[in-house]
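As a basis for the values below, the full set of heavy atoms in this structure was taken, side chains included, without hydrogen atoms, waters or symmetry mates.
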Amino acid sequence: VQLQASGGGLVQAGGSLRLSCSVFRYNWYAMTWFRQAPGKEREFVAAITWNGDTTIYTDSVKERFAISRDNSRDAIYLQMNSLKPEDTAVYYCAAPVFWSNRPPNIDEIGYWGQGTQVTVSA
(Lines give C-alpha, C1' and ligand atoms only; values in the text may rest on other atoms or scores of the structure.)
Protein backbone atom coordinates (compact mmCIF):
# COMPACT_ATOMS: atom_id res chain seq x y z
CA VAL A 1 0.00 0.00 0.00
CA GLN A 2 1.31 3.41 -0.95
CA LEU A 3 -0.29 6.74 -0.15
CA GLN A 4 0.96 9.98 -1.65
CA ALA A 5 -0.59 13.32 -0.66
CA SER A 6 -0.27 16.53 -2.65
CA GLY A 7 -1.92 19.90 -3.13
CA GLY A 8 -0.78 21.77 -0.07
CA GLY A 9 0.48 25.32 -0.16
CA LEU A 10 0.17 28.85 1.18
CA VAL A 11 -3.23 30.53 1.07
CA GLN A 12 -4.82 33.56 2.67
CA ALA A 13 -7.55 33.19 5.25
CA GLY A 14 -10.89 32.65 3.54
CA GLY A 15 -9.27 30.93 0.59
CA SER A 16 -9.51 27.36 -0.66
CA LEU A 17 -7.23 24.43 -1.37
CA ARG A 18 -7.83 20.94 -2.68
CA LEU A 19 -5.67 18.15 -1.38
CA SER A 20 -5.26 14.91 -3.28
CA CYS A 21 -4.06 11.51 -2.17
CA SER A 22 -3.03 8.84 -4.62
CA VAL A 23 -3.85 5.40 -3.29
CA PHE A 24 -2.00 2.39 -4.62
CA ARG A 25 -3.35 -1.08 -3.92
CA TYR A 26 -5.84 0.09 -1.26
CA ASN A 27 -8.82 1.61 -3.05
CA TRP A 28 -11.45 -0.76 -1.63
CA TYR A 29 -11.16 0.47 1.95
CA ALA A 30 -12.14 3.49 3.99
CA MET A 31 -9.77 6.44 3.90
CA THR A 32 -9.11 9.37 6.19
CA TRP A 33 -7.34 12.71 6.46
CA PHE A 34 -5.47 13.71 9.61
CA ARG A 35 -3.48 16.86 10.35
CA GLN A 36 -0.75 17.92 12.71
CA ALA A 37 -0.07 21.53 13.64
CA PRO A 38 3.30 22.61 15.09
CA GLY A 39 3.57 21.58 18.72
CA LYS A 40 0.27 19.72 18.67
CA GLU A 41 -0.81 16.12 18.43
CA ARG A 42 -1.95 14.65 15.15
CA GLU A 43 -5.73 14.94 14.90
CA PHE A 44 -8.51 13.45 12.80
CA VAL A 45 -10.04 15.65 10.10
CA ALA A 46 -12.30 13.56 7.85
CA ALA A 47 -13.08 10.02 6.76
CA ILE A 48 -14.94 8.35 3.93
CA THR A 49 -16.14 4.79 3.35
CA TRP A 50 -14.80 2.69 0.47
CA ASN A 51 -17.74 3.58 -1.79
CA GLY A 52 -18.13 7.17 -0.58
CA ASP A 53 -21.62 6.74 0.84
CA THR A 54 -20.68 7.85 4.35
CA THR A 55 -18.41 10.69 5.50
CA ILE A 56 -17.36 11.87 8.95
CA TYR A 57 -15.78 15.19 9.94
CA THR A 58 -14.30 16.70 13.03
CA ASP A 59 -16.51 19.53 14.27
CA SER A 60 -14.02 22.32 13.47
CA VAL A 61 -14.12 21.62 9.71
CA LYS A 62 -17.79 20.73 9.19
CA GLU A 63 -19.48 22.90 6.53
CA ARG A 64 -16.02 24.00 5.29
CA PHE A 65 -14.22 20.81 4.22
CA ALA A 66 -15.44 17.99 2.00
CA ILE A 67 -13.83 14.59 1.58
CA SER A 68 -14.47 12.61 -1.58
CA ARG A 69 -12.96 9.79 -3.60
CA ASP A 70 -12.71 8.54 -7.15
CA ASN A 71 -11.87 4.86 -7.06
CA SER A 72 -11.48 4.78 -10.85
CA ARG A 73 -8.54 7.17 -10.40
CA ASP A 74 -7.28 5.63 -7.14
CA ALA A 75 -7.65 9.03 -5.52
CA ILE A 76 -8.96 10.64 -2.35
CA TYR A 77 -9.62 14.37 -2.13
CA LEU A 78 -10.08 16.98 0.60
CA GLN A 79 -11.68 20.20 -0.60
CA MET A 80 -10.96 22.89 1.98
CA ASN A 81 -12.94 26.13 1.82
CA SER A 82 -13.09 29.18 4.09
CA LEU A 83 -9.67 28.32 5.42
CA LYS A 84 -8.59 29.77 8.76
CA PRO A 85 -5.09 30.30 10.21
CA GLU A 86 -5.86 27.53 12.72
CA ASP A 87 -6.13 25.10 9.79
CA THR A 88 -2.38 25.47 9.29
CA ALA A 89 -0.84 22.00 9.62
CA VAL A 90 0.73 19.11 7.79
CA TYR A 91 -2.11 17.08 6.33
CA TYR A 92 -1.83 13.32 6.01
CA CYS A 93 -3.98 10.86 4.13
CA ALA A 94 -4.24 7.62 6.02
CA ALA A 95 -5.85 4.21 5.70
CA PRO A 96 -7.56 2.82 8.79
CA VAL A 97 -7.49 -0.89 9.43
CA PHE A 98 -11.30 -0.96 9.69
CA TRP A 99 -14.35 1.29 9.41
CA SER A 100 -16.32 1.84 12.61
CA ASN A 101 -18.64 4.77 11.72
CA ARG A 102 -16.69 7.07 14.04
CA PRO A 103 -13.38 8.96 13.80
CA PRO A 104 -10.55 6.45 14.00
CA ASN A 105 -7.89 6.68 16.66
CA ILE A 106 -4.31 7.06 15.53
CA ASP A 107 -3.53 3.50 16.60
CA GLU A 108 -6.29 2.30 14.26
CA ILE A 109 -4.43 3.61 11.20
CA GLY A 110 -2.67 0.99 9.14
CA TYR A 111 -0.90 3.18 6.58
CA TRP A 112 0.15 6.85 6.46
CA GLY A 113 1.00 9.04 3.52
CA GLN A 114 3.98 11.38 3.70
CA GLY A 115 2.03 14.58 4.43
CA THR A 116 1.55 17.88 2.64
CA GLN A 117 1.95 21.31 4.27
CA VAL A 118 -1.00 23.70 4.38
CA THR A 119 -0.29 27.22 5.60
CA VAL A 120 -3.08 29.76 6.03
CA SER A 121 -2.03 33.35 6.53
CA ALA A 122 -4.15 35.84 8.44
Side-chain angles (χ1 to χ4, degrees):
V1 176
Q2 297 178 38
L3 307 176
Q4 185 170 345
S6 62
L10 174 64
V11 64
Q12 289 187 331
S16 299
L17 280 175
R18 188 195 196 201
L19 305 183
S20 299
C21 177
S22 296
V23 183
F24 300 100
R25 294 192 290 266
Y26 206 70
N27 63 344
W28 298 112
Y29 293 86
M31 288 293 298
T32 70
W33 287 95
F34 277 72
R35 67 185 179 186
Q36 188 166 17
K40 295 187 177 181
E41 295 185 350
R42 194 168 297 189
E43 65 172 357
F44 169 81
V45 176
I48 188 168
T49 50
W50 73 273
N51 62 356
D53 65 348
T54 301
T55 57
I56 298 174
Y57 299 92
T58 191
D59 286 347
S60 63
V61 308
K62 285 181 180 177
E63 308 301 329
R64 299 190 298 122
F65 290 11
I67 188 171
S68 61
R69 68 190 302 158
D70 184 345
N71 287 341
S72 69
R73 297 178 181 270
D74 295 329
I76 309 295
Y77 306 102
L78 186 67
Q79 178 67 42
M80 305 186 295
N81 300 324
S82 303
L83 282 161
K84 304 175 181 180
E86 52 263 45
D87 294 318
T88 295
V90 177
Y91 284 71
Y92 299 88
C93 57
V97 295
F98 59 87
W99 176 265
S100 60
N101 216 33
R102 61 164 174 76
N105 298 319
I106 287 179
D107 58 4
E108 295 170 341
I109 298 299
Y111 300 95
W112 293 96
Q114 86 284 9
T116 184
Q117 176 70 47
V118 172
T119 302
V120 184
S121 62

For the side chain of Arg64 and the backbone of Ser60, is there at least one donor-acceptor N/O pair under 3.5 Å apart? yes
Distance, nearest 0.5 Å, that separates OH of Tyr111 from OH of Tyr29: 9.0 Å
Pairs involving residues 113-122, ordered by first then second residue, that meet side-chain hydrogen bond (donor to acceptor under 3.5 Å, both in side chains) (sequence neighbours left out): Gln117-Thr119
For Trp112, the hydrophobic cluster (side chain heavy atoms closer than 4.5 Å, chained through members) also holds Phe34, Phe44, Ile56, Val90, Tyr92, Trp99, Ile106, Ile109
At their closest point, which heavy atom of Pro96 faces which heavy atom of Ala30, and how far apart are they? CD-O, 3.3 Å
Is Asn71 reaching over with its side chain to a backbone N or O of Trp50, donor-acceptor style, under 3.5 angstrom? yes
Side chain Thr88, main chain Val120, donor-acceptor under 3.5 Å: yes
Tyr57 side-chain N/O to Ile67 backbone N/O, donor-acceptor pair under 3.5 Å: yes
How many angstroms lie between atom OG1 of Thr55 and atom CE of Met31, to the nearest 0.5 angstrom? 14.5 Å
Hey, is the main chain of Thr54 close enough, under 3.5 Å, to the side chain of Thr49 for a donor-acceptor pair? yes
If every non-hydrogen atom of Ala37 is compared with every non-hydrogen atom of Ala89, which pair is closest and at what distance? N-CB, 3.7 Å
Over all heavy atoms of both residues, which pair between Pro104 and Thr32 is shortest? Give the atoms and the distance, please. CG-CG2, 3.8 Å
Taking it one step at a time, do Leu17 and Val118 satisfy side-chain contact (heavy atoms from CB on, under 4.5 Å)? CA-CA 9 Å; Leu17 280 175; Val118 172; 3.9 Å; yes
Measure from the side-chain N and O atoms of Asp70 to the backbone N and O of Ser72, and report whether any donor-acceptor pair falls under 3.5 Å. yes
Can you list, pair by pair, the side-chain donor-acceptor contacts under 3.5 Å of residues 75-84, counting residues two or more places apart and other chains?
| residue | atom | partner | partner atom | Å |
| --- | --- | --- | --- | --- |
| Gln79 | NE2 | Asn81 | OD1 | 2.9 |
| Asn81 | OD1 | Ser16 | OG | 3.0 |

Taking only Lys NZ, Arg NE, NH1 and NH2, and the carboxylate oxygens of Asp or Glu, determine whether Glu86 and Arg35 approach each other closer than 4.0 Å. no
Shortest non-hydrogen contact from Gly8 to Leu19? N-CD2, 3.6 Å
State the OG-CD1 distance between Ser68 and Ile48, to the nearest 0.5 angstrom. 6.0 Å
